[in-house]
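The structure appears below as structure tokens.
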Amino acid sequence: MCCKGGKVTISQVPAPDELLQLFLDSSTEGRHFRQHIRSYNHVMSFTSLGVHVDESLIAIGRGIYTSRAQGVIYHKIGGFHPNQGSRPRYLQLYIYDTDHELQNRMRENPILNQAVVLLIKECSSNQPQYSLPSAFQVATIVIGSGDEDTIERGRDINVINCDGKLTKVQETMGFYDPLHKRDMIQRYQDGMAIVLNNGKPDIFLTMTCNPSWIEITSEVGLHQTPQDRPDVLTRIFRSKFDQLKDDVINKGVLGRVKSYMYVTEFQKHGLPHVYRLLILDTDDKLREPEQYDSVVKAEIPRHEYFFCHTLTDSLSEVNHNFQ
């Protein structure tokens, strides 16, 4: 009786076996999933559809439930982190406090079955946050047709209010520059306060993403360059940066760190790099040349190393010309 005897297909992609089992079996989890299927879909969604409810339709109270849309439907994405005092929701659940992601999802709707939510979350075909980009380029959609009015509006700038809401601000507004020069001054003053309290920095440490890292080259396609995969570059760089941060700050490989500050930037060719200032504890400060030599080392490779590589390169070139 359903779907015209199987003539109507919902999707060309077969559903995973785990989800098919929830749809078909008569277990407690399966029945609960089918009864609350919209609620399960809700806790896995990235965004929500904000609507203006037409009370006149609700007041009638007759007929089937009706949804009426007028104009353009779009999703407005808020911040990646929840406001202070609020729990993470929608897209924030995928990137904020991922160690407690399951618990945060259950807080959205406590009536759901935790085992079913975990099954849907761990399903390989239900993890779009790990999927490769479907477009050839990474881009941002800018609303407008490119006319003069759109150009005059300038960049899309959002300011976070004290109540956590976002407000659009034009860069030509009189209060934009004070809001900007203030953010920069606040960051500068924070840095100066750290130096005033803990002393001058002892180590200037930099880290740059290397496109030749094996973790990057193994994920790049045959006709791709590392710059074609910014998702891989940033994720691997972030993981290595976190490891460096743990070694320096927590394990103290350069000495006990009293305080630190850093900034992350992107080079013109898209590679991220970090500048970091370290202020060491009084007992671990570098004062003698020998102490500096223990953490800073520059070596010239041996002559045999150069000779071996030069000979190998020459033989490779001769072999290539011979072929």
Is any side-chain heavy atom of [Y] closer than 4.5 Å to one of [X]?
{"X": "F204", "Y": "L277", "answer": "yes"}
{"X": "R256", "Y": "D283", "answer": "yes"}
{"X": "M261", "Y": "I194", "answer": "yes"}
{"X": "V159", "Y": "L166", "answer": "no"}
{"X": "N197", "Y": "S259", "answer": "no"}
{"X": "R276", "Y": "M207", "answer": "no"}
{"X": "L244", "Y": "V248", "answer": "yes"}
{"X": "L278", "Y": "D202", "answer": "no"}

Between [X] (side chain only) and [Y] (backbone N and O only), is there a donor and an acceptor less than 3.5 Å apart?
{"X": "N161", "Y": "D163", "value": "no"}
{"X": "H36", "Y": "R31", "value": "no"}
{"X": "D228", "Y": "T225", "value": "yes"}

Search all heavy atoms of [X] against all heavy atoms of [Y] and return the closest pair with its distance.
{"X": "F237", "Y": "V274", "value": "CZ-CG2, 3.6 Å"}
{"X": "P230", "Y": "Q227", "value": "CD-O, 3.8 Å"}
{"X": "N198", "Y": "K258", "value": "OD1-CE, 3.5 Å"}
{"X": "T206", "Y": "Y275", "value": "CG2-CD2, 3.6 Å"}
{"X": "M44", "Y": "V117", "value": "CE-O, 3.4 Å"}
{"X": "K168", "Y": "N158", "value": "CG-OD1, 3.5 Å"}

Worked check of side-chain contact (heavy atoms from CB on, under 4.5 Å) between Q114 and R105: CA-CA 9 Å; Q114 181 170 331; R105 292 188 186 278; over 6 Å; no
Could you walk me through whether V116 and H32 satisfy the side-chain contact (heavy atoms from CB on, under 4.5 Å) test, starting with their C-alpha distance in whole Å, then the side-chain angles of each, then the deciding distance to 0.1 Å, before giving a yes or no? CA-CA 9 Å; V116 176; H32 192 274; 5.7 Å; no
Should we say atom CZ of R34 is surrounded by more than 12 heavy atoms from elsewhere, each under 6.0 Å from it? yes
With a cut-off of 6.0 Å (strictly less than), are more than 12 heavy atoms of other residues, nucleotides or ligands near CD1 of I37? yes
Could you check, using the six-membered ring where one of them is a Trp, whether F33 and Y40 have ring centers closer than 6.0 angstrom? yes
Taking the six-membered ring for Trp and the full ring for Phe, Tyr or His, determine whether the centres of F241 and Y262 are under 6.0 Å apart. yes
Under a 3.5 Å threshold, yes or no: a donor from one side chain and an acceptor from the other, between S239 and D242? no
State whether a side-chain donor-acceptor pair under 3.5 Å links D190 with Q186. no
Between atom [atom1] of [X] and atom [atom2] of [Y], what is the distance when rounded to the nearest 0.5 Å?
{"X": "L280", "Y": "Q291", "atom1": "CG", "atom2": "CD", "value": "10.0 Å"}
{"X": "L271", "Y": "F266", "atom1": "CG", "atom2": "CZ", "value": "9.5 Å"}
{"X": "R229", "Y": "T234", "atom1": "CZ", "atom2": "OG1", "value": "10.0 Å"}
{"X": "L93", "Y": "Q103", "atom1": "CG", "atom2": "CD", "value": "11.5 Å"}
{"X": "C209", "Y": "L233", "atom1": "SG", "atom2": "CG", "value": "5.0 Å"}
{"X": "I216", "Y": "N210", "atom1": "CD1", "atom2": "CG", "value": "7.0 Å"}

Can you tell whether the side chains of D281 and K285 come within less than 4.0 Å, N to carboxylate O? no
Same cluster for [X] and [Y] if Ile/Leu/Val/Met/Phe/Trp/Tyr side chains link at under 4.5 Å?
{"X": "I249", "Y": "V195", "answer": "no"}
{"X": "V263", "Y": "L205", "answer": "no"}
{"X": "I214", "Y": "V220", "answer": "no"}
{"X": "L254", "Y": "V257", "answer": "yes"}

For side-chain contact (heavy atoms from CB on, under 4.5 Å), just list the numbers for Y292 and R287, CA-CA rounded to whole Å, side-chain angles, deciding distance to a tenth of an Å, and then say yes or no. CA-CA 8 Å; Y292 283 96; R287 295 183 175 87; over 6 Å; no
Is there a salt bridge (charged side-chain N to carboxylate O under 4.0 Å, His left out) between D231 and R235? Walk through the geometry before answering. CA-CA 6 Å; D231 56 330; R235 289 178 182 178; 5.0 Å; no
